[in-house]
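In what follows, every heavy atom counts, from backbone to side chain, and hydrogens, waters and symmetry copies are set aside.
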Amino acid sequence: MIGLYVWRVPWWGVPRALVRLATDARRLRATPGVRFAKLLGTAAGFRPTDTDLTRYAAVVVSDRPVAYREGASTRLDLRLIHSRGRWAGTEPFGAPSATPSDGPILALTRARLRARKAVTFWRAVPPVAHAADGRTLAAFGIGEAPIGWQGTVSVWRNATDLAAFAYRHPEHRAAIIRTSTEGWYAEELFARFAVLDVVGDRSVLGWSEGGRGRA
């Protein structure tokens, strides 16, 4: 089972949330049945300056349902369609399913930036982020650290919409080319999932049925 948990805390709860972000990770990974788990900060956009200290996320791969964060606002149940790359030296999501999906698709990217490439990478982000505006049901940044360990979550209405942006939009195509030629990443992972269910408050994701999802 693959789950993405997303929740908010009030401003007065931010210090405690930051402590738990560091201390809960080991406990979560030690939960029976859990094979992979990451606790993450989030951002309204995809740059360090977009950090949202009131919202957090967890990616959990387990053999059975995990009741992480009983008060979590939202849980997305996911089925892997495709994954390429590694996260912390592992391929966390297992074997992809051959079953097609005609429903919403979640795209997850995660990268560990090379320090000497960080400036050129962040300069390349705004055109791609701007191009994605208005095309997704939801989109936000994720991170294991404030700088250099970033990723993205985006939810698309269907696989056709995702493919049209990923492979045909000029800004995104240019970013793909630069990724390989400039060597931005020391480690990278790109994965696509069918969204099986969304349980809880979708507004926490910045969800918009009108297709302007941005947290």
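Qualifying side chain to side chain donor-acceptor pair (under 3.5 Å) partners for D161, counting only residues two or more places apart in sequence or in other chains: none. Shown here are the side chain to side chain donor-acceptor pair (under 3.5 Å) partners of R35, two or more places apart in sequence or in another chain: D63. In this structure, the side chain to side chain contact (heavy atoms under 4.5 Å, CB included) partners of A159, at least two apart in sequence or on a different chain, are I105. Residues satisfying the side chain to side chain donor-acceptor pair (under 3.5 Å) criterion with N158, sequence neighbours excluded, are absent altogether. Taking R29 as the reference, nothing meets the salt bridge (charged side-chain N to carboxylate O under 4.0 Å, His left out) condition, with sequence neighbours excluded. Take T54 and apply the side chain to side chain donor-acceptor pair (under 3.5 Å) test, not counting sequence neighbours, and it matches R8, D52.
At a threshold of 4.5 Å between non-hydrogen side-chain atoms, the residues R55 and W7 do not count as touching. Counting heavy atoms from C-beta outward, P92 and L189 have side chains that approach closer than 4.5 Å. Contact check for L53 versus W11: side-chain heavy atoms found under the 4.5 Å cut-off. A 4.5 Å side-chain heavy-atom check between H82 and P96 finds every atom pair outside the cut-off. Side-chain contact between V66 and V34: present, with at least one pair of heavy atoms (C-beta onward) separated by less than 4.5 Å.
Side-chain heavy atoms closer than 4.5 Å link hydrophobic residues (I, L, V, M, F, W, Y) into clusters, and following such links, even through other members, never connects V155 to L196. F36 is not connected to M1 by any chain of hydrophobic side-chain contacts under 4.5 Å among Ile, Leu, Val, Met, Phe, Trp and Tyr, and they are in different clusters.
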Query raised in the report: Step by step, would you call V59 with L108 a side-chain contact (heavy atoms from CB on, under 4.5 Å)?
Result: CA-CA 10 Å; V59 175; L108 184 149; 4.2 Å; yes
Query raised in the report: Where do I2 and V60 land on the side-chain contact (heavy atoms from CB on, under 4.5 Å) test, with the steps shown first?
Result: CA-CA 6 Å; I2 304 171; V60 181; over 6 Å; no
Report task. Could you check Y5 against Y56 for ring pair (Phe, Tyr, Trp, His ring centres under 6.0 Å), going step by step and ending with a plain yes or no? Result -> CA-CA 8 Å; Y5 301 77; Y56 300 87; over 10 Å; no
Query raised in the report: Which is it for R192 and W156 under the side-chain contact (heavy atoms from CB on, under 4.5 Å) test, yes or no, and what are the steps along the way?
Result: CA-CA 10 Å; R192 296 195 304 273; W156 303 77; over 6 Å; no
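Ion pair R86/E188 not flagged as a salt bridge, since none of the NZ, NE, NH1 or NH2 atoms sits closer than 4.0 Å to an Asp/Glu carboxylate oxygen.
How far CG of L21 is from NZ of K38: 11.0 Å, rounded to the nearest 0.5 Å. Separating the OG atom in S62 from the CG atom in L28 is a distance of 9.0 Å, to the nearest 0.5 Å. The CZ atom of F193 sits 4.0 Å away from atom CZ of F93, with the distance rounded to the nearest 0.5 Å. Distance check: T74 OG1 to L76 CG gives 7.0 Å after rounding to the nearest 0.5 Å.
Of all the heavy atoms in F140 and A43, the pair that sits closest is CB-O, 3.3 Å. Listed here is the closest heavy atom pair of A194 and I81: N-CD1, 3.5 Å.
Remark: of the listed residues L162, T136, L137, L4, L4 is the sole one forming a side chain to side chain contact (heavy atoms under 4.5 Å, CB included) with L106.
Within the 3.5 Å criterion, the main-chain N or O of D201 finds no donor-acceptor partner in the side chain of S73.
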